[in-house]
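None of the values given here were measured: they were computed from a predicted structure.
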Amino acid sequence: MTFGITVLPEWAQSEGIDKLLDRLQEANVTDIATSPYVMAADSKGTREPPVDGGAGKVRLLDRELWGRRELTVRTAPSFHPDQSLYQSTTYKPPVPDDLTELEGHVVQDLIAAASARGIKVWFQVQSAIPPGYRVQFGGPAPLDVCLGPDDQPGPSRVDSNASLAAPDVIAYGEAMMQDLARAYPGLAGIRLDWPEYPPYDFHALFFDFSPYALQVAGEMDLDIERMRHDATALQARLTRNLDARLLSNISYLDKDSLDVMLNRYPGMLDLLRLRRQLSLSIIQQYRKALPAAFDLVPQAFPPPFNLLSGFDFSAASKVVQGIGVKLYTMHWPMIAAGYARSMSAGKASAAEVAEALVTALDICDDPPPAERGFTYPEPDENHTASAGNIARKIATARQQASDCPVYAFTHAYGPCTDVVRRAQAAWEASEGNMWVNRYGYLSNEKLDALGLMVSR
């Protein structure tokens, strides 16, 4: 059994390590994931909680952080990175500062105290967002950004993942794996976030035509010009020539149905093949860089989103020690609505497109009214995903991952009854292998309810 919670370092700083761990043990928590940084309130910093691509501005923390439910913050590394490990890359780790000297010990203290209580501690880091310690604080250099078939990065995205083929990004990630393992030998392992092309935005479905990705495509003997032509043609068809008749043929996506749908666009199938290879390759390289004593658990989009993101459960399962399936259900209607806006310039309406996507992506059983339902939910609003949606995604991932452990990653954002409803579905579908993201949204009421659910 695994009942894990993502507990970022600021909560150990704010609440105190012993008080925090007492509370987690009362809820039957077996594992925690944190990150190698420390935080301080700073009026010139960035918002906590994150705005989540602009849609999450409605969110407030359920637990007070230094007495507030919304604040601006800055961070610093919690340790002194070994600069010699980063000689082969232009990316460098964050520079320790006064906050590191004052508070950096908290992360090491948390690991030691949790381990003494029998709680496993993991680090969550980013696969392709240097410096990698947290989603909101980093990004690629211009040469390493993902590009579409028009050689453009497209509009602003929820994520800021670099091209998974960028050598400097990969070299930095390899160095980070070694650095963290040396600095924190008490860790159980690393949770690797987004070793894929996150499909939040429609334009991102047509990555990656960056120079480094095209170099890999050439090594794979893919027809790059056909790939560019077909990706451009499909993008045009979906945005300008989509009609209700075509939409009516969309059912739950799987690899076979996707192959059939794209039979007129073999270059697009090549692009998806390239994305799968790049995802697998970066996982393989990070696994090789990490000492054998440390587990590596990539965390990725659930089926069938993973067909679009490039994450291959079957291939990855042969390399890693577990796979996390992210059931962050507040994002799903936001994604459908974003796709619908891009795809409704032709004959089909945004409502028709969104309802078809709900079916294809299996994100809710009863499509809500288009005007209100396909949005990021308010803090007191239930998420539209059903227990069936969640169960099917985990079942598909487990089937594809074979004997590799699959962990259901549910989210603490939302009203208590709905958080527990979604967690119950994740817990049952994964047969007791569940993580909850994030501690800051876990009120005592939610923690008590989840602890009771696990104990049963």
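By the side chain to side chain donor-acceptor pair (under 3.5 Å) test, R275 is found to be paired with no residue, residues two or more places apart in sequence or in another chain being considered. Looking at residues two or more places apart in sequence or on another chain, you find a side chain to side chain contact (heavy atoms under 4.5 Å, CB included) between P195 and S127, L192, I282, I283, P298, F311. For I224, the side chain to side chain contact (heavy atoms under 4.5 Å, CB included) criterion is met by L214, A217, not counting sequence neighbours. When the side chain to side chain donor-acceptor pair (under 3.5 Å) test is applied to Y441, the partners found at least two apart in sequence or on another chain are R59. Residues that satisfy the side chain to side chain donor-acceptor pair (under 3.5 Å) test with Q399, not counting sequence neighbours, are absent from this structure. Residues satisfying the side chain to side chain donor-acceptor pair (under 3.5 Å) test with R438, not counting sequence neighbours, are E48. For Y439, the ring pair (Phe, Tyr, Trp, His ring centres under 6.0 Å) partners are W11, not counting sequence neighbours. Scored by the side chain to side chain contact (heavy atoms under 4.5 Å, CB included) test, L143 finds no partners at all (sequence neighbours excluded). Looking at residues two or more places apart in sequence or on another chain, you find a salt bridge (Lys or Arg N to Asp or Glu O under 4.0 Å) between D42 and R74. L280 meets the side chain to side chain contact (heavy atoms under 4.5 Å, CB included) test with Q284, A315, V319; sequence neighbours excluded.
Here the closest heavy-atom approach between residue P304 and residue L361 is recorded as CD-O, 3.5 Å. Minimum heavy-atom separation, G267 to M227: O-CG, 3.2 Å. Taking both residues in full, the closest heavy atoms of S443 and D62 are given as N-CB, 3.9 Å, listed atom of the first, atom of the second, then distance. For the pair Y133 and P77, the tightest heavy-atom approach, listed with the atom from each and the gap, is CE1-CB, 4.0 Å. Shown here for I335 and P199, the closest heavy-atom pair between the two residues is CG2-O, 3.9 Å. Shortest non-hydrogen contact noted between S78 and Y184 is OG-OH, 2.7 Å.
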CA sep, side-chain torsions, deciding dist, call: S163, D208, side chain to side chain donor-acceptor pair (under 3.5 Å): CA-CA 7 Å; S163 167; D208 190 6; 2.6 Å; yes

I5 vs L450, side chain to side chain contact (heavy atoms under 4.5 Å, CB included): CA-CA, chis, key distance, verdict: CA-CA 11 Å; I5 295 179; L450 290 173; 5.8 Å; no

Derivation and outcome, ring-ring contact (aromatic ring centres under 6.0 Å, His included), residues Y200 and F301: CA-CA 10 Å; Y200 285 111; F301 271 79; 5.1 Å; yes

Candidate pair R237 and Y265, rule side chain to side chain contact (heavy atoms under 4.5 Å, CB included), full reasoning: CA-CA 11 Å; R237 184 183 184 196; Y265 304 95; 3.0 Å; yes

Side chain to side chain contact (heavy atoms under 4.5 Å, CB included) assessment of Q126 paired with V135: CA-CA 7 Å; Q126 302 305 307; V135 176; 3.3 Å; yes

Trace of the side chain to side chain contact (heavy atoms under 4.5 Å, CB included) decision for T396 with D254: CA-CA 10 Å; T396 301; D254 57 25; over 6 Å; no

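Residues V406 and Q400 have side chains not in contact (no heavy-atom distance under 4.5 Å, counting atoms from C-beta outward). For the pair L272/L307, no side-chain contact is recorded, criterion being any heavy-atom separation below 4.5 Å from C-beta on. C364 has its side chain out of reach of T329: every pair of non-hydrogen atoms, C-beta onward, lies at least 4.5 Å apart. Inter-residue side-chain proximity for T410 and I390 is flagged as unmet; no heavy-atom pair is nearer than 4.5 Å. Residues Y197 and L164 meet the side-chain proximity criterion, which asks for heavy atoms closer than 4.5 Å. The shortest side-chain heavy-atom distance between E174 and K288 does not fall under the 4.5 Å cut-off. The shortest side-chain heavy-atom distance between Y286 and I190 does not fall under the 4.5 Å cut-off. Taking the side chain as every heavy atom from C-beta outward, P198 and V158 never approach each other to under 4.5 Å.
A perpendicular orientation is assigned to the rings of Y172 and Y91, their planes being inclined by more than 60° (bins at 30° and 60°).
Atom CG of N263 is surrounded by more than 12 heavy atoms from other residues, nucleotides or ligands within 6.0 Å. Enclosure of atom CD in E26 by more than 12 non-hydrogen atoms of other residues, nucleotides or ligands within 6.0 angstrom is indicated. The number of heavy-atom neighbours closer than 6.0 Å to NE2 of H229, taken from other residues, nucleotides and ligands shown, is 12 or below.
No side-chain donor-acceptor contact under 3.5 Å links R157 to the backbone of D201. Remark: the backbone N or O of W66 is paired with a side-chain donor or acceptor of S14 at under 3.5 angstrom. Side-chain atoms of S279 do not come within 3.5 Å of backbone N or O of R276 as any donor-acceptor pair. Looking at Q13, its side chain does come within 3.5 Å of a backbone N or O of M39 through a donor-acceptor pair. Proximity of a side-chain donor or acceptor of D418 to a complementary backbone N or O of H383 within less than 3.5 Å is detected. Between the side chain of S210 and the backbone N or O of C146, no donor-acceptor pair lies under 3.5 Å. Looking only at distances, no side-chain donor or acceptor of K446 sits under 3.5 Å from a matching main-chain atom of V419. When atom types are taken as modelled, the side chain of R228 and the backbone of F209 share no donor-acceptor pair closer than 3.5 angstrom. Checking side-chain atoms of S35 against main-chain N and O of Q124 turns up a donor-acceptor pair under 3.5 Å. A side-chain donor-acceptor contact under 3.5 Å links S430 to the backbone of A426.
A donor and an acceptor atom, one from each side chain of S455 and N28, are nowhere located under 3.5 Å apart. Judged by distance alone, the side chains of N389 and S386 do bring a donor and an acceptor atom under 3.5 Å apart. In this model, a donor atom of one side chain and an acceptor atom of the other lie less than 3.5 Å apart for D31 and W122.
Between Y37 and F123, the ring centre distance reaches or exceeds 6.0 Å.
Identified under the salt bridge (Lys or Arg N to Asp or Glu O under 4.0 Å) test for residues 447-456, with sequence neighbours left out: R23-D448. The salt bridge (Lys or Arg N to Asp or Glu O under 4.0 Å) analysis of residues 309-331, with sequence neighbours excluded, yields the pairs D193-K326.
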